[in-house]
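All remarks here apply to the structure that follows.
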Amino acid sequence: MDPERVLRRYLELNEEEQKKLIDGVLEIILSSPNADLVPDEVGWSISNKFRSGELHSLDGFKLLLEAANSCEPMKLKKFLEEVK
Amino acid sequence: MFSFELVPNSPLWKLEIIGSIAEEVGVDGIWLSEHPDNRSSILTACHLLKIFPRLWIGIGVLNPYMFHPLTIAQVAATLSEIAPRRVYIGIGAGDRTSLEKAGIRRSHPLKKVEECVKIVREILEKGSYQDEEIHLRLNFRPRSKVPIYIGAQGGRMLRLAGKIGDGVLVNHTNPALLEFAVNEVRTGVEEANRRIDKLDLVAYLTISMGEDESKALKAAAPYSAYIICGAGREFIERLGMDPKVVEDIRRILRIGDWIRLYQVLPPDYIKATTFIGGVEELKELVARLFKLGYTQIVFGSPFGPRILKALKMIGEVIKYFEEDINRE
């Protein structure tokens, strides 16, 4: 996974597509039994952004990518490939 | 009334996110399960009570083998200071498998639970308790009433719950067992000359929702295994399960061999102990439970193989019944 390419792709999407992408990565994290592998500071930041309605943003997406890459790298890779 | 069950086996930040979704879909509260190998349900409750000022939090359940009644009373009184009128305490005999892991034998569960409830209630109501062994006076006052719910599965515990509980957490998902449970609780209520409408009768369901049944079954399998292994002979016989298979499941669970569990646990057993299905099937189950007299439905973990999607599906069910109530 090339993070810069993923972020570039994110910025090319329209708002609805961005939301769908973010929800997809969030689903991977919430459904993972390995959430303990996510660094705590990343997890807390995701929760804070989710609860304040700021997760649907470039910063939120970056955090989600880091978290999903920590707990479900293969699922994240497959999901991002499907998005392409 | 609707609530969610969260299992503190996930990091607190993840419970915050799921709790936030729970609030959004319209639940009134969250029950936290207690297992010695997970995060502390008590400390998780402290945290979530501060995060969600509109939700009540219940701890379901603390058992008197691992938690002395005085500790439970102290916890309940302290939580009532953090969040007056938003704290429920569940007391039950505890999960047999978890207790075994802790080297504790679950002896005389009925007597232990009854004694525990008596002590906790008296301390919360009067601020003190005294018997031949215990002499305790709290140095602070509980800030509100803390309802005591009894966690129950078997007939005798359900009848006891009907006699002494402010509420009953009926730990079944199978409709036939939930019907059996209502009748047992009613018997207990009548024996104690109480009224059933004074009791919060709670169906504590284990839910796995999704479009792909095989994935929903897989997500529910560990939960089903814990339910089966924690259940008494009465329950195993009632569901027509093979005791040899149950013994196998128990052995596998003890060593935590999840791959083997998926091979050994029959899908029929998972379906008999958990809810597997979609929105319409869940609406049917909830309607049936309200008709039977249940007053609270707990949508419990694992929710489904895709949690976010499953929570949205549960949200649809809640919305349907809320609109139904508004129409009436």
Is the shortest side-chain heavy-atom distance between A:R51 and B:I51 below 4.5 Å? yes
By a 4.5 Å heavy-atom criterion (distance strictly below it), what part of A:S45 contacts chain B: side chain, backbone, both, or neither? neither
Passes side chain to side chain contact (heavy atoms under 4.5 Å, CB included), B:I17 versus A:I29? Steps please. CA-CA 11 Å; B:I17 295 173; A:I29 297 162; over 6 Å; no
Atom pairs and distances, donor-acceptor, side-chain atoms in residues 215-231 of chain B, under 3.5 Å, two or more places apart:
| unit_1 | atom_1 | unit_2 | atom_2 | d |
| --- | --- | --- | --- | --- |
| B:S224 | OG | B:T273 | OG1 | 2.7 |
| B:Y226 | OH | B:K101 | NZ | 2.9 |

Residue pair A:D36 / B:R39: nearest heavy atoms and the distance that separates them: OD1-NH2, 2.7 Å
Should we say atom CD of A:E54 is surrounded by more than 12 heavy atoms from elsewhere, each under 6.0 Å from it? yes
Among the listed options B:L308, B:L311, B:L12, B:I18, the residue most often paired with chain A at heavy-atom distances under 4.5 Å: B:L308
Residue A:E12 excluded, over 12 heavy atoms near CD under 6.0 Å: yes
Checking A:K75 now: which residues fulfil side chain to side chain donor-acceptor pair (under 3.5 Å) with it, not counting sequence neighbours? none
B:P305 versus chain A, heavy atoms under 4.5 Å apart: side chain, backbone, both or neither? backbone
In terms of heavy-atom contacts, does CD1 of B:I255 have more than 12 from other residues, nucleotides or ligands at under 6.0 Å? yes
Give a yes or no on this: more than 12 heavy atoms of other residues, nucleotides or ligands lie within 6.0 Å of atom CD of A:E4. no
Which pair of heavy atoms, one from A:D23 and one from B:K312, lies closest together, and at what distance? OD2-NZ, 4.3 Å
